[in-house]
Structures are given as C-alpha cells and as structure tokens.
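All values derive from a computational prediction rather than experimental measurement.
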Amino acid sequence: MSNIRDVAKAAGVSTATVSRVINHDTQGRMTEETKARVWAAIADLNYKAPAGSVKKKTSSKNDTPLCIGCVISTDKDKYSDPYYLSILSAIEEHARKNGCSIPFVVTSKELEDSGYRAPASAEHLDGIILMNTLSETVYASLKEHVPTIVGIDTAHTDIDNIIYDHYAAASLAVDTLVAKGYKRIGFIGSSPIGSKFEEGKRYRGYFSAMHSHGLHVEEKDTIDCHWQEKLCVDAVKKLHKQNALPEAFVVASDLMAMAVLRALYDLHVKVPEEVAVMGISDIEMSRFSNPPLTTIHIPTTQMGILAFDTLKQRMEGYDMLPRTIFLPLHVVQRASI
C-alpha cells in the first residue's frame, strides 16, 4: 500500500505539504498547481489517509518531528570549519526550538564521493539545507530523494538561497584599506570549482574596487591558495623572500587571514606597521588572533536561522518562485590594519 511519502515523492513536494492538502489547511501559501499535483498523485497511487491523520507530519512537539539534513561546504572534517560550524549550530538550535531533528549532516565532498547518488539515508528527509553548489548529477539525485531544498550561498537558481554578496565584501575590504592610506594591496583567495581564479566573485570585487580607486593590481600580489592555510603561508614566505610583500592583503576568509598573520609573525614582519591584513567572515576566533583581525562581518547565526525558516516555510506549502535573500555586511575594525 502507498504511504504519504510515496505521494510526496510522486508530487515532488514534502510530506508536510501532502498533509496540508489532504486537510485543506490554508495556512501555507501554495499554488493551485501544487494542490492539483498532490491530488493527482493521491489518485494515481490510490492513497488512503489513515483515520485521524489530521496534520500527521508537522513540527508540533506532540507529533512526529520533521527531519531535515545539512550539507556543509568544506574539505575538512565537517565539525572543524568554524564558519560553517557557526551556521550549522544556528540551524540546529533553531530546529530544536521548532521540534525538528537533524539526523543527516554531511560535507559536499562526501556527497560527491558517494558514487554520484544521494545516500539512502537522505530518502527519509523532509528537507535539506545545502551550503555548497553540487555537481549536476549529485544535485539531481538529491532533488529526486528530498522534496524540499534551500541553499546557503549556492549557484542553484531553482531553489531559495540565503547569501551574502561576495563581490561587495571584497570591495568593502579594499575601500576600508584605501581609507587607511594603503595603496599596494594584494589579494589571497581561491578559485571557484571548475573556474579560473579571476572568475571568483571576491577576486572581481577586489579587482574592481582597486581600479575604482585608481590603483594598479600587481599579478604577483594576487594568490590562489585553494582554501588551504599552508599554501597561504608558503605564498607569503615566497613574497617575503623576494622582498615583494605588498602594503596590505585582502584575504577571502578569516581562517586564511590568520594563516597569513602567522606567516608574517614567523618572518618577524610587523602587522600592521609593515603589512596590514584584512579578512572576510568574522569567525569567533578572529577576535583572538595576534593582532586581532580586522574583517568583514557575515551574520552566520542569522544566515542559519533564516535558512531554516525558509526551508520550514517551503515544507509547509509555500510554493512561490525561488527567492535570493541577501544579508547585510559591515566592517569590524580591529588592530590588523
């Protein structure tokens, strides 16, 4: 016999949406086309809702909790990257308050290495928060198994995305350094997967801001470190050996910026007197670096909460066009510039 999950999969919606359609619940905002798909799936599968199944799957504390998953964008251990851990912690805390469980947390690399198909454990999820752009094959498999997906900073345009403007963040970092009097400013970042280094949004924001201030970009001052702290250290030491360090660096993440600070410390280069360093993300430990890191604040807690609320809204039947929600940025001034 068919069950509610079979209906949800056939209609391409969550089990919560099926329940709302069956119970004629008008709280969730869904289109008539979605309702028609659900009723058609019910008819095709000859699904009979169990007696007393009103709101069978909701986030109420008295009912079976909604189960969601998270896919984290990191090549490291899933619980070692402070940026994504901050987002995940906010999601988990907000999910708990809303009676939802998160039994499925994987990295995007784990998904990509799983034979280009979603793990069987994903089949029992009502939704997923995706923190990285996946390959087309893996993304299609994930969508086949999970009816509701919301992105954080992904390039998938057919789902809601909660993002910060990478281009604007790097531009703001350059503006901040220029306002302090720095002219020769380098950039340390990484190229997007499958793209050239110069195609990255942070790099383009840096490059554009430099030219808007009439400043020249030295090729040797722009370094692709592939999100690896050791490569950051090696690149800084190489420039120092060549007596070619710039006056300041914009670094695409705080973790890499702290690697740069460590390299400069080892080289006995004073920060910011000889070289200034500015990060992007404002992770918790950036307050405790030596010196404390000036950075662009990204509201990771609010990002996680908003991603969960958006996913929950979709699972409850909201069926309008996909949205892209930009979060605000601001400079956190500390001692590294």
Check: Val331 and His297 side chains under 4.5 Å, non-hydrogen atoms: no
Is it true that Ser191 and Glu199 share a donor-acceptor pair across their side chains at a distance under 3.5 Å? no
In short, Ala11 meets Arg37 closest at the heavy-atom pair O-NE, 2.8 Å
Can you name the ring-ring contact (aromatic ring centres under 6.0 Å, His included) partners of Tyr164, sequence neighbours left out? His166
Determine, stepwise, if the pair Ser108 / Leu134 fulfils side-chain contact (heavy atoms from CB on, under 4.5 Å). CA-CA 7 Å; Ser108 54; Leu134 299 176; 3.8 Å; yes
Supply the atom-to-atom distance Arg204 CZ to Ser171 OG, rounded to the nearest 0.5 angstrom. 10.0 Å
If you measure from CD1 on Ile87 to CD1 on Ile162, what distance do you get to the nearest 0.5 Å? 11.0 Å
Quiz question: by atom type and distance under 3.5 Å, do the side chains of Thr310 and Asp160 form a donor-acceptor pair? no
Tell me, please, which residues at least two apart from Lys238 pass side-chain contact (heavy atoms from CB on, under 4.5 Å). Gln242
Give a yes or no on whether the backbone of Pro82 and the side-chain of Ser86 come within a donor-acceptor separation of less than 3.5 Å. no
Give the minimum heavy-atom separation between Asp221 and Ala244, together with the two atoms involved. OD1-O, 3.9 Å
Within-4.5 Å side-chain heavy-atom neighbours: Leu177 and Thr294: no
For the atom pair NZ (Lys9) and CD (Glu144), what is the distance rounded to the nearest 0.5 Å? 5.5 Å
Can you find a side-chain donor-acceptor pair between His94 and Asp309 that sits under 3.5 Å? yes
Check the pair Thr222, Tyr206 against side-chain contact (heavy atoms from CB on, under 4.5 Å), reporting the backbone distance first and the verdict last. CA-CA 10 Å; Thr222 60; Tyr206 153 81; 3.7 Å; yes
Of all heavy-atom pairs linking Pro291 and Ser336, the shortest is CG-CA, 3.9 Å
Are any non-hydrogen side-chain atoms of Phe187 and Val174 less than 4.5 angstrom apart? no
Is a donor from one side chain sitting under 3.5 angstrom from an acceptor on the other, for Asn132 and Tyr84? no
In a table with atom names and distances, give each donor-acceptor pair under 3.5 Å that connects a side chain of residues 269-279 to protein atoms at least two apart or in another chain.
{"unit_1": "Glu274", "atom_1": "OE2", "unit_2": "Lys270", "atom_2": "N", "d": "2.8"}

Is there a side-chain contact (heavy atoms from CB on, under 4.5 Å) between Tyr139 and Leu130 once you walk through the steps? CA-CA 10 Å; Tyr139 181 62; Leu130 177 63; 4.1 Å; yes
Run Asp158 and Lys143 through salt bridge (Lys or Arg N to Asp or Glu O under 4.0 Å) and show every step you take. CA-CA 11 Å; Asp158 59 334; Lys143 289 203 75 176; 2.8 Å; yes
Between the side chains of Arg314 and Thr17, does any donor sit under 3.5 Å from an acceptor? no
Electrostatic pair Arg96-Glu93, nearest N-O below 4.0 angstrom: yes
Regarding Glu198 and Lys196, does a basic nitrogen lie under 4.0 Å from an acidic carboxylate oxygen? no
Are Leu329 and Phe326 connected in a single hydrophobic cluster, I mean Ile/Leu/Val/Met/Phe/Trp/Tyr linked by side-chain heavy atoms less than 4.5 Å apart? no
Taking every non-hydrogen atom, the tightest pair across Cys225 and Ile188: SG-CG2, 3.6 Å
Quick check: does any side chain N or O of Thr154 sit under 3.5 Å from a backbone N or O of His156, one acting as donor and the other as acceptor? yes
Which heavy atom in Asn161 sits nearest to a heavy atom in Asp153, and how many Å separate them? OD1-N, 3.7 Å
Should Val150 and Ile163 be regarded as members of a common hydrophobic cluster, given that ILVMFWY residues are connected when their side-chain heavy atoms come within less than 4.5 Å of each other, either directly or indirectly? no
Any link between Val178 and Phe207 through a network of hydrophobic side chains (Ile, Leu, Val, Met, Phe, Trp, Tyr) touching at under 4.5 Å? yes
Indicate yes or no: at least one non-hydrogen side-chain atom of Leu255 is less than 4.5 angstrom from one of Met285. yes
Calculate, to the nearest 0.5 Å, the distance between atoms OG1 and CD belonging to Thr137 and Glu112 respectively. 8.5 Å
Between Ser208 and Tyr167, does the side chain to side chain donor-acceptor pair (under 3.5 Å) criterion hold? Intermediate values first, please. CA-CA 9 Å; Ser208 177; Tyr167 183 102; 2.9 Å; yes
Checking Ser212 side chain against Ala209 main chain: does a donor-acceptor pair fall under 3.5 Å? yes
Enter the distance from Met258:CE to Ser253:OG here, rounded to the nearest 0.5 Å. 8.0 Å
Lys201/Asp165 ion pair, N-O < 4.0 Å: no
Check whether any side-chain heavy atom of Ile68 lies under 4.5 Å from a side-chain heavy atom of Leu125, and answer yes or no. no
Student check: side-chain heavy atoms of Pro292 and Arg287 closer than 4.5 Å: no
Hey, are the side chains of Val18 and Val13 touching, using non-hydrogen atoms and a 4.5 Å cut-off? yes
Are any side-chain N or O atoms of Asp113 and backbone N or O atoms of Glu110, one a donor and one an acceptor, separated by less than 3.5 Å? no
Indicate whether any N or O donor in one side chain lies under 3.5 Å from an N or O acceptor in the other, for Thr295 and Asp282. no
So, for Cys100 and Phe308, which heavy atoms are closest and what is the spacing to 0.1 Å? SG-CZ, 3.7 Å
Would you say the side-chain atoms of Ser286 pair up with the backbone N or O of Ile283, donor to acceptor, closer than 3.5 Å? yes
Hey, quick one: are Leu231 and Val236 part of the same hydrophobic cluster, counting side-chain heavy atoms closer than 4.5 Å, chains of contacts allowed? no
Over 60° means perpendicular and under 30° means parallel, so tell me whether Phe197 and Tyr203 are parallel, tilted or perpendicular. tilted
The reported gap from CG in Leu215 to CE in Met210 (rounded to nearest 0.5 angstrom) is 4.5 Å
Kindly check if the number of other-residue, nucleotide or ligand heavy atoms within 6.0 Å of CZ (Arg334) is above 12? yes
Please lay out, stage by stage, how Asp126 and Thr148 fare under the test side-chain contact (heavy atoms from CB on, under 4.5 Å). CA-CA 7 Å; Asp126 295 291; Thr148 312; over 6 Å; no
Do Glu247 and Ile185 have side chains that approach each other closer than 4.5 Å (heavy atoms only, starting at C-beta)? no
Let me check something: do Val233 and Leu261 share a hydrophobic cluster, defined by ILVMFWY side-chain heavy atoms less than 4.5 Å apart, either directly or through other members? no
